[in-house]
Amino acid sequence: MLYPQTNAMRTKISLDGFWKFAPDYHNTGEEKQWYKGIPHDREIGVPASWNEQFQDLMYFFETGWYEKEIEVPKIVEGETIYLRFGSVHYLAKVWVNGEYVGEHEGAHLPFEFDVTNVIRCGQKNIITVAVDARLKADRLPPGQVQHEMIVGFKGQYPENNYDFFPYAGIHRPVMLYTVSSTHIKDMIIQTSTEDHKGIVDYTIFLNQAFNGEIKVTLDGEVYENIVVNNTDTICGQWIVSEPRLWSMEDPYLYTLAACLTQEGTTIDYYELKIGIRTIEIKDCKLLLNGKEIFLRGFGMHEDFPVIGKGMNHAVITKDFNLLKWMGANSIRTSHYPYSEEFLHYADAHGILVIGETPFVGFVKSHYTNPTIKEKVKKVIQEMITRDRNHPSIIAWSLANEGDTFVPEAEPFYKGMYDYAKSIDDTRPFTITNCIDVEEDVALQYFDFISINRYYGWYDQVGRLDMGCELLDKKLDRCYEIFKKPIIVTEFGADAMAGLHMDPAEEFSEEYQAEMVERQYNIIFSKPYTIGAHIWAFADFKTSQTPSRVVLNRKGLFTRERQPKLAAHKMKENWSK
Ligand code: GCB
């Protein structure tokens, strides 16, 4: 799916700003035909979660109704008009001028509707969105899983089976965009290298068959100028003789542009930023452009005061600034696909990304549930088709910490791997494990091993020496079992900013700093490891539970992005 852009042939109109809002406490708004006008009692900011914008919405997990009036300029009359949402948490139903245009389930990926026939150009229009945020066991990630919830999350409020707050609302930008009736619908770019040459394979999909000329350029240089007859897909290969390979040090992006013309008139134009690079696992090493790399960085969250999980350009900028300041080179989009804006920034600034699905906290009953299996496929398909052209995405994580010790997990995750690989065979896949690897029935099917380990925190409480010793041993055992490269995707300790203790104890800045540095060094020292991601980048909000002081405090930065002692220590370590 292409990210909308404004150029000579396309217009995009932002619908971000203040929307009317009405909480639908009993989920009966549709019966009451609120799409003809919502009984709003306030205005609310978009994009952002609704929870922190009003005190009474903090724990509101029913349906929230949004409404926006927009005058659509007359000049776009005759164009095809799409209404697009970057992401809505969780299930969105959409009406334009009272007419139902469609719905989308799933919280972290974009969706759009062709609204050409319902939008009135040159007039005012009403967009209405019902956002159903109920926490349910068959939603991704899952809400209440009743009896199967793991001890740590049992009884937490709100009842979700994972360790982050289930923020709700219109989380990413909303826009109308226009294209001509025949237009470029999607592109797939795959890059490789051979004998110091860069190879760019591209496929361009049009929304319908086209007669005319298609011109493709790379950084302005014409590659193909072909006349097509009744064609909706074109493929080509570009050989770049002295390629500037995309890397962390030089994240150079080429501009691949496609232009459709008919009898000398331009019909559509689209520019895509691409990076020429290779990524592979070979002899237990992770290679970027053929060179060994070690992933040092973090698991993160989209989470910030007031906006919750809302996309905000300044927060993204700040986070990348801090990643660079630390000397980190990579992150995992724990535990769901992040915004498109985030990935554009990663491409432009050379931060490597492991893209993760929202499949976190799966339990036995999920593995045998046909509805879940279908939803899982849909999300994988939507995530990969949205993100496959990003050079920054170097690997996929298909799940975080499911119950992978039950026999039902084996066919489930194997099926997931095969399905995902059939869509993208250019990147390695993993799932992250948190149980004893000897009992894991799913990890064996993946290209590399990801483990989350809290030795010296949840186990060996307060005894770092013991924790470090165990980490060392367990890593070796893990390699012995799988003989595949390993990344420790999570390790760390909570620290309350400002709490200092000597000797270091749990929750002090000293304990966290000592733990992450010692454990990082152990992981880094192993010949079979390909990375170490500290949990977490910044403190983040969770459900209420006795083990969290409002936030998960494992961040090396506070929720407001101020560094703790561990951030300074690791900055020093990573600059060596
Ligand atoms: C984990 C989870 C992560 C939690 C973290 C913790 O293993 O993957 O979502 O936040 O542990 O702090 O307990």
Side-chain angles (χ1 to χ4, degrees), residues 107-108 140-143 145 149-156 158-167 297-303 309 331-338 354-363 397-405 430-437 440 442-443 449-461 467 470-471 474 478 486-497 506-507 511-512 515-516 519 523 531-559 564 566:
H108 312 92
L140 303 171
V145 195
M149 274 169 110
I150 63 170
V151 181
F153 300 139
K154 221 171 214 155
Q156 70 175 8
E159 282 180 63
N160 46 348
N161 200 28
Y162 45 90
D163 188 33
F164 49 96
F165 196 80
Y167 282 106
F298 298 95
M300 311 177 76
H301 267 294
E302 289 184 318
D303 174 276
K309 292 207 172 302
I331 64 104
R332 174 172 58 121
T333 70
S334 38
H335 296 308
Y336 37 81
Y338 287 4
I354 301 176
E356 189 161 271
T357 65
F359 312 151
V360 34
F362 275 172
V363 293
S397 163
L398 291 183
N400 184 69
E401 298 190 352
D403 284 355
T404 43
F405 48 83
T430 193
I431 52 173
T432 71
N433 143 302
C434 68
I435 59 157
D436 193 338
V437 286
D440 193 303
L443 255 184
I449 304 298
S450 299
I451 53 174
N452 299 344
R453 290 296 181 272
Y454 291 94
Y455 302 127
W457 180 256
Y458 292 119
D459 305 313
Q460 305 80 47
V461 175
L470 202 61
L471 174 67
K474 291 279 187 182
C478 184
I486 299 171
I487 169 171
V488 181
T489 25
E490 290 181 24
F491 62 103
D494 284 73
M496 297 290 296
E506 285 206 343
F507 287 103
Y511 194 86
Q512 182 193 43
M515 172 192 263
V516 293
Q519 298 203 345
I523 301 162
H533 279 175
I534 299 166
W535 189 257
F537 172 70
D539 293 349
F540 58 90
K541 188 159 175 64
T542 65
S543 289
Q544 293 188 55
T545 172
S547 60
R548 298 278 179 265
V549 190
V550 185
L551 307 177
N552 180 313
R553 308 267 175 181
K554 292 192 187 68
L556 262 55
F557 295 88
T558 64
R559 197 179 189 211
K564 300 181 193 170

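FYI, the numbering just counts along the sequence from 1. In each ligand, atom 1 is the first atom listed, and ligand 1 is the first ligand listed. Predicted model, so just to flag it, every value in this text is computed and none were measured.
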Practice task
Ignoring hydrogens and angles, state whether a donor on the side chain of Asp163 or Thr542 is under 3.5 Å from an acceptor on the partner side chain.
Solution key: no

Exercise for the section: Could you name the protein residues that come within less than 4.0 Å of ligand 1, counting only heavy atoms, and order them by chain and residue number? Expected result: Asp163, His335, Asn400, Glu401, Asn452, Tyr454, Tyr458, Glu490, Trp535, Phe540, Arg548, Asn552, Lys554

Problem - Side chain to side chain, Leu443 and Thr404, heavy atoms closer than 4.5 Å - result: no

Exercise for the section: Not counting sequence neighbours, which residues clear side-chain contact (heavy atoms from CB on, under 4.5 Å) with Tyr458? List them please. Expected result: Tyr454, Arg548, Lys554

Problem - Within-4.5 Å side-chain heavy-atom neighbours: Asn400 and Arg332 - result: yes

Problem - Proximity of Tyr336 and Tyr162 rings by center, below 6.0 Å - result: no

Exercise for the section: Would you verify whether the NZ or CZ of Lys309 falls within 45 degrees of the ring axis of Tyr167 while also being under 6.0 Å from that six-membered ring's centre? Expected result: no

